[in-house]
Amino acid sequence: SMLVSPIMGPVLALTFGATLRNKYMAKLGIYNEILSLAGCVVIGFVVGFGYAWGTNNRNAWPTQEMASRGNPYALADGAFIAAA
């Protein structure tokens, strides 16, 4: 929730702009949402590649934690939790 909460402002701007038929507010919401998501992706890549480059275990993929989350039962559990 710490990552999603700051990104909710542009979503609300888009929603209010569309509801009030204020094109400027809706466009500003879309622009800020795209900018926020791009920033999250870029920071994620930088941190991920920096970690992989800076540690000695860069070829230990997938880890046991990653493999355990990718089994069908864990994916079904996650789908039910996300739908709730």
Side-chain angles (χ1 to χ4, degrees):
S1 70
M2 291 180 352
L3 297 177
V4 175
S5 294
I7 301 176
M8 287 306 295
V11 171
L12 289 173
L14 171 63
T15 304
F16 288 145
T19 303
L20 299 173
R21 295 187 179 141
N22 184 343
K23 290 182 181 181
Y24 175 74
M25 186 186 299
K27 286 181 184 179
L28 187 63
I30 290 172
Y31 173 75
N32 286 333
E33 184 68 24
I34 291 170
L35 192 65
S36 298
L37 290 174
C40 288
V41 170
V42 168
I43 290 171
F45 274 118
V46 168
V47 170
F49 282 123
Y51 175 77
W53 185 68
T55 60
N56 290 330
N57 63 353
R58 64 182 87 141
N59 293 323
W61 296 89
T63 63
Q64 183 60 32
E65 183 68 25
M66 291 176 194
S68 69
R69 291 176 185 255
N71 69 41
Y73 297 111
L75 292 175
D77 289 343
F80 284 119
I81 291 171

>> What's the separation between atom CG in L14 and atom OG1 in T19, rounded to the nearest 0.5 Å?
In response: 9.0 Å
> What closest approach, in Å, do G29 and A13 show between heavy atoms, and which atom pair accounts for it?
Replying inline: CA-CB, 3.9 Å
>> For the CE atom of M25 and the CD1 atom of I30, what is their distance to the nearest 0.5 Å?
In response: 13.0 Å
>> Any non-hydrogen side-chain atom of I7 less than 4.5 Å from a side-chain atom of E33?
In response: yes
